[in-house]
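Sequence positions, counted from 1, serve as the residue numbers for this chain. Order of listing sets the numbers, starting from 1, for every ligand and every atom in it.
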Amino acid sequence: MSVEFDQSRLTVVDHPMVQHKLTIMRDVKTGSKQFRELVKELALFEGYEATRDFPLEDVEVTTPICTTTAKQIAGRKVAIIPILRAGLGMVDGMLELIPAARVGHVGMYRDEETHEPHEYYCKVPADIDQRTCLVVDPMLATGGSATAAIEYLRSQGVKDVRLLVLIAAPEGIKAVLDADPDVRVYTCSVDERLNENAYIVPGLGDAGDRIFGTK
Ligand SMILES: O=P(O)(O)OC[C@H]1O[C@H](OP(=O)(O)OP(=O)(O)O)[C@H](O)[C@@H]1O
Ligand SMILES: O=c1cc[nH]c(=O)[nH]1
Ligand SMILES: [Mg+2]
């Protein structure tokens with residue numbers, strides 16, 4: 001079954017280093033310590049792509065040699081929004097890239113039977129409507145969790161939302177893009193499909209469990 005979606009709002013980060021690291025993450029033999037390190041590194045690389053269009057402004061800087069005009073990011077406020085739990089694994093990498101970002105948390109778990117998302121926690125910066133929101137979660141499966149998180153941010157007045165995942169199923173990408181006409185999605189891989197338990201195939205299993213060593 002082929003799933004069709006708006007390719008113009010999807011970026012696949014297909015850099016060779018990213019693909020190499022993702023393969024190590026997929027390996028069932030990779031333990032939690034290395035898995036966590038790789039999630040963090042890939043978040044930083046993906047964040048780099050997702051901020052590519054941030055505008056620059058001129059600033060005067062004095063080097064040891066002379067004073068010159070150089071570039072800096074033009075006053076953009078950013079919030080990193082991890083979807084708990086697994087999204088937490090991407091926060092440190094994102095903060096390494098954007099140290100001044102605020103962090104808001106959206107707690108969501110999938111019902112094992114219905115695969116519907118259930119929200120259990122929400123805390124975002126007070127000025128969230130002024131911020132570019134980078135929603136982070138390693139896995140985009142049915143898209144239910146990400147769609148609910150994005151809907152919540154829209155209800156808070158957020159104008160610029162970008163979803164950063166490491167692995168996405170085509171069904172999840174379509175669900176997110178269809179539900180929101182402006183969101184942009186970044187992923188390191190578009191995998192084949194979902195299985196009967198709504199897990200991504202080939203995927204990497206349960207990202208939260210692999211990050212935190214549960215189950
Ligand atoms: O696209 P969906 O079908 O909604 O599935 C993806 C969600 O499932 C996983 O979270 P999970 O419910 O396992 O919670 P956890 O992070 O606490 O493990 C994953 O981290 C996403 O949040
Ligand atoms: O494959 C999947 C699907 C949902 N959540 C995960 O962690 N992995
Ligand atoms: Mg999980």
Side-chain angles (χ1 to χ4, degrees), residues 1 3 5 9-10 12 21-32 34-36 38-40 42-43 46-47 80-94 103-124 133-154 161-180 183-215:
M1 177 192 63
V3 177
F5 44 76
R9 289 190 285 135
L10 175 71
V12 180
K21 288 172 188 290
L22 191 59
T23 300
I24 301 171
M25 284 182 65
R26 289 185 192 274
D27 191 335
V28 68
K29 294 193 294 302
T30 299
S32 283
Q34 192 181 14
F35 191 89
R36 269 198 300 274
L38 289 163
V39 172
K40 178 183 166 184
L42 287 183
E46 199 166 51
I80 297 158
I81 312 287
I83 301 178
L84 310 181
R85 281 174 309 165
L88 287 174
M90 295 176 71
V91 172
D92 285 353
M94 295 296 295
V103 181
H105 296 84
V106 177
M108 206 85 76
Y109 72 89
R110 282 197 330 174
D111 184 288
E112 283 187 11
E113 302 287 317
T114 66
H115 313 131
E116 289 291 317
H118 292 271
E119 188 185 306
Y120 59 87
Y121 184 77
C122 235
K123 181 84 177 174
V124 296
C133 286
L134 304 178
V135 178
V136 295
D137 191 331
M139 309 304 278
L140 177 60
T142 66
S145 306
T147 297
I150 293 163
E151 270 174 13
Y152 169 73
L153 293 172
R154 293 295 191 204
V161 183
R162 304 168 189 206
L163 173 68
L164 284 67
V165 302
L166 302 185
I167 296 182
E171 297 90 329
I173 297 170
K174 179 174 168 50
V176 167
L177 293 178
D178 285 355
D180 187 295
V183 69
R184 282 187 264 167
V185 177
Y186 297 82
T187 185
C188 300
S189 175
V190 180
D191 274 14
E192 283 167 29
R193 61 185 171 87
L194 297 175
N195 70 13
E196 58 283 5
N197 296 317
Y199 271 80
I200 300 173
V201 180
L204 48 69
D206 189 300
D209 284 343
R210 295 196 64 183
I211 290 169
F212 296 108
T214 45
K215 211 182 268 171

### Message
Angle between ring planes, Tyr109 versus His118, binned at 30° and 60°: parallel, tilted or perpendicular?
### Response
parallel

## Note on the structure
To the nearest 0.5 Å, atom CZ of Arg36 lies from atom OG1 of Thr30 at 13.0 Å

#### Entry: Heavy-atom side-chain proximity of Leu88 to His105 below 4.5 angstrom
yes

### Task
Measure the CZ-OG distance between Arg210 and Ser32 for me, rounded to the nearest 0.5 Å.
8.0 Å

### Message
Any nitrogen or oxygen of Ile200, side chain or backbone, less than 3.5 Å from one on ligand 2?
### Response
yes

### Message
Please check whether Ala141 reaches ligand 1 - meaning an N/O of the residue sits under 3.5 Å from an N/O of the ligand, judged on distance alone.
### Response
yes

### Task
Check whether any side-chain heavy atom of Phe35 sits under 4.5 Å from a side-chain heavy atom of Leu204, and report yes or no.
yes

### Task
Could you tell me whether the side chain of Val190 reaches within less than 4.5 Å of the side chain of Leu10, counting heavy atoms only?
yes

### Query
Heavy-atom distance to atom 12 (O) of ligand 1: which of Glu116, Met108, Glu112, Arg110 wins?
Arg110

#### Entry: Sub-4.0 Å atoms of ligand 2 with respect to non-hydrogen atoms of Ala141
3 (C), 4 (C)

### Message
So for ligand 1, is Tyr109 a polar contact partner (N or O within less than 3.5 Å, distance only)?
### Response
no

### Task
Check Asp209 against ligand 1 and report side chain, backbone, both or neither, counting heavy atoms closer than 4.0 Å.
neither

### Interfacing atoms of ligand 1 (cut-off 4.0 Å, heavy-atom, Ser145)
2 (P), 4 (O), 7 (C), 22 (O)

### Query
Which atoms of ligand 1 have any heavy atom of Ala86 under 4.0 Å away?
16 (O), 20 (O)

### Task
Could you list the atoms of ligand 2 found under 4.0 angstrom from a heavy atom of Gly205?
1 (O), 2 (C), 6 (C), 7 (O), 8 (N)

### Task
Check if Pro138 has a non-hydrogen atom at a distance under 4.0 Å from any atom of ligand 2.
no

### Query
Below 4.0 Å from any atom of ligand 1, is there a heavy atom belonging to Ala207?
no

### Task
Please verify whether a non-hydrogen atom of Arg110 lies at under 4.0 Å from ligand 2.
yes

#### Entry: Residue Leu84 vicinity, atoms of ligand 1 by number, heavy atom under 4.0 Å
16 (O)

### Query
Would you say ligand 1 has an N or O under 3.5 Å from any N or O of Ala146?
no

### Query
Closer than 4.0 angstrom: is that true for some heavy atom of Ala169 and an atom of ligand 2?
no

### Distance-only N or O hit between ligand 2 and Met139, under 3.5 Å
no

### Message
Give the atom numbers and elements of ligand 1 that come within less than 4.0 Å of a heavy atom of Gly208.
### Response
18 (O)

### Message
How long is the straight-line distance from OG1 of Thr214 back to CG of Asp209, given to the nearest 0.5 Å?
### Response
3.5 Å

### Message
Keeping Asp27 on the side-chain end and Lys29 on the backbone end, is there a donor-acceptor pair under 3.5 Å?
### Response
yes

### Summary
Within 4.0 Å of some non-hydrogen atom of Tyr199, the atoms of ligand 2 are 1 (O), 2 (C), 3 (C), 8 (N)

### Flag side-chain contact, heavy atom, 4.5 Å: Ile167 against Met25
no

### Task
Heavy atoms only: give me the nearest Gly87-Pro138 pair and the separation to one decimal.
N-CD, 3.7 Å

### Query
Which ligand 2 atoms, with their elements, are less than 4.0 angstrom from a heavy-atom of Ala207?
6 (C), 7 (O)

### Message
Taking the side chain as everything from C-beta on, heavy atoms only, tell me whether Asp191 gets closer than 4.5 Å to Arg26.
### Response
yes

### Message
Determine whether a donor-acceptor pair (N or O, by modelled atom type, separation under 3.5 Å) exists between the side chain of Glu46 and the backbone of Thr187.
### Response
yes

### Task
For ligand 1, indicate whether the residue Asp137 contacts it via side chain, backbone, both or neither (heavy-atom separation under 4.0 Å).
side chain

### Message
At less than 4.0 angstrom from any non-hydrogen atom of Ala198, what atoms of ligand 2 do you find?
### Response
3 (C)

### Task
Look at ligand 1 and say whether Met139 reaches it with a heavy atom at a distance under 4.0 Å.
yes

### Message
Checking contacts here: is it the side chain or the backbone of Ala86 that comes within 4.0 Å of ligand 2, counting heavy atoms only? Could be both or neither.
### Response
neither

#### Entry: Among Leu163, Val161, Val91, Leu153, side chain to side chain contact (heavy atoms under 4.5 Å, CB included) partner for Ile81
Leu153

### Summary
For Asp206, the atoms of ligand 1 under 4.0 Å from one of its heavy atoms are 13 (O), 18 (O)

### Query
Does any N or O atom in Ile83 lie less than 3.5 angstrom from one in ligand 1, N or O only?
no

### Task
Check whether the side chains of Arg110 and Thr142 place a donor and an acceptor atom closer than 3.5 Å, and report yes or no.
no

### Query
Is there a side-chain contact between Ile211 and Arg85 (heavy atoms, below 4.5 Å)?
no

